[in-house]
Amino acid sequence: MKTDTGAREPVLILAIETSCDETSVAVVKDGCEVLSNIISSQIETHRAFGGVVPEVASRKHVEVITLVIEEALSTAGVRPQELTAVAVTQGPGLVGALLVGVVAAKSLALAWGKPLIGTHHIAGHIYANRLVKELKYPGMTLVVSGGHTELVHMEREGRFRIIGRTRDDAVGEAYDKVARALGFPYPGGPHVDKLAHEAEAAFALPRVWLEPGSYDFSFSGLKSAVLNAVNQSKMKGLVPDVAGIARGFQESVVEVLVEKAIRAVREYHAEQLLLCGGVAANKGLREALTRRCGAEGIELIIPPPVYCTDNAAMIGAAAYVKWRHEGGIPLDMVADPGYSLEKWSVSAY
């Protein structure tokens with residue numbers, strides 16, 4: 001285990017995130033203080049295609065990665081020689097996009113003589129919460145993003161165990177597909193969230209609980225129910241109640257997410273409930289979880305929206321945990337699009 005003892009210099013980590021369609025570089029101090037967090041988004045580019053095109057994403061990362069690195073260092077006021085280590089998202093993600101970040105991080109680590117820290121993307125989302133408040137253990141995290149919907153138990157710092165996951169569509173994927181059915185462009189989540197708050201009443205849609213006691217999720221059936229509601233209205237020559245359907249969909253999703261998260265906190269005696277991932281920016285989910293945790297006396301941490309979507313500051317926060325317990329890794333590290341969160345956990349201690 002690598003630990004901090006006595007007086008020491010601050011740990012300054014340059015972190016790189018290129019797992020999907022944001023090119024981001026940050027400088028993070030001691031795992032919780034963000035000195036810079038530069039994000040170059042590709043949303044406008046991919047909107048024309050209705051979703052992320054992997055090859056296009058990789059090319060865009062190549063175009064801007066050097067500029068974003070330079071801006072992150074300049075904004076932080078940090079010189080390369082002052083850095084402790086270089087961190088990068090090793091996976092999961094789009095393999096071509098990951099490779100751009102990994103090659104850049106390896107090159108910098110070699111040129112500057114700094115250790116390299118391979119970091120898990122979802123661990124980054126989880127530790128984005130440490131940019132808001134110190135974490136307590138054991139903890140429970142509800143991960144809601146474009147490609148992941150999971151309940152993650154953390155017995156101690158850097159140790160992850162997935163107790164529930166989606167069996168089909170992730171929440172973010174379901175939002176995008178429903179938004180498309182309702183006539184909204186990519187990314188669809190914000191449109192559905194906004195419309196849900198404007199609706200006078202919710203269209204009745206099912207809740208999918210699965211087996212008694214299960215912490216898994218399923219959203220493909222709910223998505224199909226939305227498509228069926230839209231198609232039935234059109235077949236009858238009626239204009240679909242888009243706002244009501246959006247509200248019904250969101251209420252169904254939020255109720256299942258909130259109830260299972262609260263139950264997991266109770267069963268695993270968690271000290272805190274963390275919310276993370278791109279869908280954590282959803283107003284309806286944030287409000288519902290805040291109300292329920294307040295009523296239940298559960299401490300809830302939700303990062304601000306800038307740390308919910310993909311960003312390098314969260315990678316720096318997670319990398320700090322890995323650095324403290326294990327140090328750097330060899331430069332022959334490879335990008336892993338299917339990287340396991342549990343496998344990335346720090347060694348037993």
Side-chain angles (χ1 to χ4, degrees), residues 20-21 43-53 142-150 164-212 214-262 275 277-292 305 308-309:
C20 190
D21 60 340
I43 286 179
E44 291 304 319
T45 298
H46 296 286
R47 180 171 284 137
F49 303 101
V52 177
V53 180
L142 175 60
V143 180
V144 282
S145 70
H148 298 264
T149 302
E150 297 162 346
R165 52 165 45 98
T166 183
R167 297 181 183 179
D168 38 62
D169 289 337
V171 173
E173 293 170 329
Y175 264 95
D176 284 338
K177 291 175 181 178
V178 166
R180 190 178 302 119
L182 298 180
F184 294 109
Y186 171 86
H191 296 286
V192 175
D193 186 23
K194 181 176 183 295
L195 201 59
H197 282 82
E198 296 173 353
E200 294 182 359
F203 185 91
L205 289 169
R207 274 64 169 158
V208 182
W209 298 105
L210 301 175
E211 305 84 9
S214 173
Y215 286 116
D216 282 351
F217 303 95
S218 174
F219 299 106
S220 64
L222 177 60
K223 173 198 66 183
S224 297
V226 168
L227 293 173
N228 186 50
V230 172
N231 291 333
Q232 282 192 352
S233 292
K234 291 180 178 179
M235 289 170 61
K236 295 176 182 178
L238 303 174
V239 177
D241 178 12
V242 175
I245 293 173
R247 179 172 171 179
F249 168 76
Q250 178 146 300
E251 287 184 357
S252 177
V253 168
V254 167
E255 182 179 343
V256 172
L257 290 174
V258 170
E259 291 303 318
K260 291 203 174 192
I262 296 297
L275 179 65
V279 183
N282 181 281
K283 183 180 177 182
L285 177 58
R286 294 169 79 97
E287 290 177 347
L289 207 51
T290 298
R291 285 195 305 270
R292 187 62 191 281
C308 291
T309 52

Do Tyr175 and Phe249 have ring centres separated by under 6.0 Å?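 Between Tyr175 and Phe249, the centre distance is under 6.0 Å.
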Given 3.5 Å as the limit, does a donor-acceptor pair link the side chain of [X] with the main chain of [Y], or not?
X	Y	result
Ser233	Leu238	no
Thr166	Thr149	no
Arg247	Glu200	yes
Asp168	Ser220	yes
Arg165	His148	no
Asp193	Gly189	no

Using every non-hydrogen atom in the two residues, find where [X] and [Y] come nearest and quote the distance to one decimal.
X	Y	value
Ser214	Lys260	O-NZ, 3.1 Å
Gly188	Asp176	N-OD1, 2.8 Å
Ala199	Ala243	CB-O, 3.3 Å
Gly277	Ser145	CA-CB, 4.1 Å
Pro187	Arg47	CD-NH2, 3.5 Å
Ala170	Gly146	CB-O, 3.6 Å

Pairs flagged by salt bridge (Lys or Arg N to Asp or Glu O under 4.0 Å) wherever residues 220-229 is involved - sequence neighbours left out: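 Every pair satisfying salt bridge (Lys or Arg N to Asp or Glu O under 4.0 Å) with a residue in residues 220-229: Asp169-Lys223.
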Kindly compute the distance separating CD (Glu255) from CZ (Arg292), expressed to the nearest 0.5 Å.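 Interatomic distance, Glu255 CD to Arg292 CZ, rounded to 0.5 Å: 9.5 Å.
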Is Val242 close to Val230 at the side-chain level, that is, under 4.5 Å between some pair of heavy atoms?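 Result no, sub-4.5 Å side-chain heavy-atom pair not found.
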